[in-house]
Amino acid sequence: MHVYFNPQYFIRNERGCSYIIAKAIPASEKLKGSVGSISVLPPIIGYVLSHIENCELEIAEKEISNVTQLRVETIDRFIKKLVDNAQMVGWKYRGVNILFPPFLLLSSKERSTGAMYTTKDFLWMEPFIPKRPSIPLNINFMITTKCCTNCIYCYADRDREDDLSSQDVLKVLDEAHELGTINLTLSGGDIFAFLDWKEVVRKVCQYGFSSILSTKVPLGKDDIFFLKKVGLRNLQVSLDAVSPSILMTTLRVKNDYAGKMKQMLQYCDEIGLKVNVRTVLTKYNANEVEIGKLFSFLNGLSNVNSWVLTPAFYSAFKDNYQQYRASDLELSKIYNQTKELNTVAHFTILHNKMSERKYTLQPYSTVESFVQNNQICNANSYSMAILSNGDVTACEMLYDNPNFIFGNVRNQSLYDLWNSTVALKMYSYKQSMIEQKENNQCSSCRVYSDCKLNVGKRICYVDITKVYGKDKYEYPDPRCPEALVIKENLIL
């Protein structure tokens with residue numbers, strides 16, 4: 001029997017810790033697995049997973065046993081639990097959740113192979129130390145703040161200046177490739193509003209980054225052909241409606257924009273470029289008629305992989321949020337409508353922070369429940385962001401908050417930026433370091449270490465600073481029951 005490592009995943013072995021990194025986009029249409037997840041593993045498990053697919057499984061197990069002194073039967077039981085497994089599996093190891101994503105190992109070989117990297121100082125017998133990796137596994141690169149739309153809900157700071165040059169951008173891509181970064185998101189603004197976007201995309205594809213490119217630019221047929229030719233397999237397209245009047249109101253575009261976007265998606269369909277569509281819901285398009293029209297159009301295209309619906313979040317850079325926010329009732333109706341449509345769609349319909357219930361900002365009753373269930377943030381644990389002026393920060397939405405700026409790519413290497421004093425301080429921000437203690441329950445919280453220390457943080461610094469101010473980054477996440485009161489009904 002042969003066992004193969006799923007090319008959807010990447011194994012990285014470092015001293016004291018190994019990692020499973022899921023690529024940001026599917027490795028192929030046939031492969032199953034998760035997208036964008038990261039798991040920490042004991043070094044010995046990283047060693048086993050890195051030595052199973054060069055020969056027959058029986059031979060590999062014997063070789064691993066000879067080196068590690070583990071019993072062959074133990075190795076075999078472990079490996080076969082992960083072969084073609086449709087569900088995530090895992091267990092506690094010395095107080096740490098060890099998780100293995102779906103279909104990590106396959107019984108049939110695919111054309112591409114899973115990637116593995118082991119540092120020179122890696123030793124499989126060393127004690128397990130769950131830690132931040134020595135390099136950023138994921139990078140969000142804000143190429144430009146320019147955009148062809150002016151959305152009423154825009155989350156970006158469009159007033160930034162001093163953008164990196166094309167040469168600077170390409171240099172960063174070279175360095176990220178040499179460093180070993182796996183997932184690269186090119187954001188903005190809009191990547192296709194960058195003057196030399198073709199050179200950037202060409203290099204991204206050349207290096208084989210698992211990349212997300214998102215756009216609202218109605219690209220022409222020649223541009224779509226270029227993307228397909230250089231090897232881009234997926235394009236994320238933002239389309240909120242097919243009715244021109246709605247897009248004119250919400251995106252502040254011209255009357256012909258809707259037609260051009262539909263034409264672009266049809267070009268993608270003709271040429272075989274897969275697309276993932278994202279729709280932001282406001283009071284203008286969150287009704288069953290408009291969503292029905294959009295669904296009918298998308299379902300008529302064969303190249304749509306997924307359709308993600310998300311409510312317009314509160315933006316610190318836009319006024320009058322309550323005037324364009326979709327109501328809880330409207331969001332609930334759209335959720336139920338698209339859940340039914342999912343049964344007849346040829347693509348997957350996904351919902352971001354939507355359900356059939358009323359949206360609530362603080363749904364958790366206890367801090368223990370919050371820490372157990374709130375979404376995990378990988379910022380500064382596995383990922384970092386590069387702003388359009390070269391500043392490096394934990395998350396692109398934190399922008400120029402001085403408490404999170406690691407430095408600048410113009411005069412520092414990505415490795416040094418990732419391991420900077422600011423980055424390491426924020427990663428291990430101990431309870432004793434809190435300076436702002438007035439009305440701040442974090443200063444005495446009993447679950448602080450599980451919430452704000454080490455990998456797998458349960459807070460969002462963006463949301464904290466967005467609603468309370470840049471200087472209150474030490475305060476609880478707005479979803480925590482101990483958070484400061486927010487008077488407005490915001491969606492974060």
Side-chain angles (χ1 to χ4, degrees), residues 1-13 17-68 70-93 96-118 124 128 137-138 182-183 208 210 212 233-234 274 276 304-306 342-343 345-350 376 378 382 456:
M1 176 184 179
H2 271 88
V3 171
Y4 305 96
F5 193 71
N6 190 337
Q8 178 63 29
Y9 302 107
F10 189 102
I11 287 278
R12 181 177 176 88
N13 295 316
C17 192
S18 295
Y19 307 87
I20 301 173
I21 306 103
K23 295 178 181 177
I25 58 173
S28 81
E29 294 178 38
K30 295 186 295 180
L31 288 176
K32 297 178 180 179
S34 63
V35 174
S37 65
I38 299 177
S39 300
V40 293
L41 310 171
I44 191 167
I45 295 180
Y47 178 85
V48 171
L49 292 175
S50 300
H51 289 80
I52 59 170
E53 71 169 346
N54 294 326
C55 56
E56 285 277 352
L57 180 58
E58 184 178 349
I59 296 173
E61 289 174 343
K62 288 180 179 178
E63 291 178 353
I64 293 169
S65 178
N66 289 336
V67 173
T68 65
L70 292 171
R71 294 174 59 202
V72 170
E73 295 80 7
T74 301
I75 300 169
D76 188 66
R77 281 198 306 271
F78 164 69
I79 290 173
K80 288 180 178 174
K81 281 183 179 180
L82 305 180
V83 178
D84 299 328
N85 193 339
Q87 302 296 325
M88 178 178 288
V89 297
W91 62 85
K92 281 258 186 186
Y93 179 86
V96 179
N97 284 322
I98 306 300
L99 300 174
F100 300 91
F103 299 101
L104 179 64
L105 303 178
L106 304 172
S107 58
S108 60
K109 189 172 184 178
E110 296 292 334
R111 183 176 298 176
S112 59
T113 58
M116 301 181 188
Y117 179 79
T118 299
W124 63 265
F128 176 38
L137 303 176
N138 305 331
I182 310 301
N183 295 313
S210 180
I212 296 176
R233 296 198 316 274
N234 291 79
K274 295 293 182 180
N276 299 302
V304 178
N305 273 333
S306 65
N342 216 355
T343 62
H346 71 79
F347 48 80
T348 303
I349 300 178
L350 302 169
I376 292 175
N378 288 329
Y382 304 116

Step by step, work out the side-chain contact (heavy atoms from CB on, under 4.5 Å) result for Y4 and I52.
-> CA-CA 8 Å; Y4 305 96; I52 59 170; over 6 Å; no
Go through the steps to decide whether F10 and Y117 satisfy the test side-chain contact (heavy atoms from CB on, under 4.5 Å), and finish with yes or no.
-> CA-CA 8 Å; F10 189 102; Y117 179 79; 3.9 Å; yes
Go through the steps to decide whether L105 and F5 satisfy the test side-chain contact (heavy atoms from CB on, under 4.5 Å), and finish with yes or no.
-> CA-CA 5 Å; L105 303 178; F5 193 71; 3.9 Å; yes
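Counting all heavy atoms, side chain and backbone alike, A24 lies closest to S210 at N-OG, 2.8 Å. Taking all atoms of both residues into account, the shortest heavy-atom contact from P101 to S37 is CB-OG, 4.4 Å. Pairing each heavy atom of Y47 with each of N13, the nearest pair is N-OD1, 4.3 Å. Taking all atoms of both residues into account, the shortest heavy-atom contact from N276 to N305 is OD1-CB, 3.0 Å. Minimum interatomic distance between L57 and V3 (heavy atoms only, all atoms of both residues): CD2-CG2, 3.7 Å.
F103 has its side chain out of reach of Q8: every pair of non-hydrogen atoms, C-beta onward, lies at least 4.5 Å apart. For the pair I182 and Y382, the minimum side-chain heavy-atom distance is 4.5 Å or more. Residues S65 and I75 meet the side-chain proximity criterion, which asks for heavy atoms closer than 4.5 Å. In this structure, the side chains of L70 and I44 come closer than 4.5 Å at one or more pairs of heavy atoms. By the 4.5 Å heavy-atom criterion applied to side chains, F128 and I98 are counted as neighbours. The shortest side-chain heavy-atom distance between V67 and W124 falls under the 4.5 Å cut-off.
The main-chain N or O of L99 is found under 3.5 Å from a side-chain atom of S39 such that the two form a donor-acceptor pair.
Among L49, N6, I11, the single residue meeting the side chain to side chain contact (heavy atoms under 4.5 Å, CB included) criterion with L104 is L49.
By the ring-ring contact (aromatic ring centres under 6.0 Å, His included) test, F78 pairs with F100, sequence neighbours left out. Scanning for side-chain contact (heavy atoms from CB on, under 4.5 Å) contacts around E56 gives H2, I59, with sequence neighbours left out.
Residue pairs satisfying the salt bridge (charged side-chain N to carboxylate O under 4.0 Å, His left out) criterion with at least one member in residues 76-87, sequence neighbours excluded, are listed as follows: D76-K80.
More than 12 heavy atoms of other shown residues, nucleotides or ligands fall within 6.0 angstrom of atom CD in E73.
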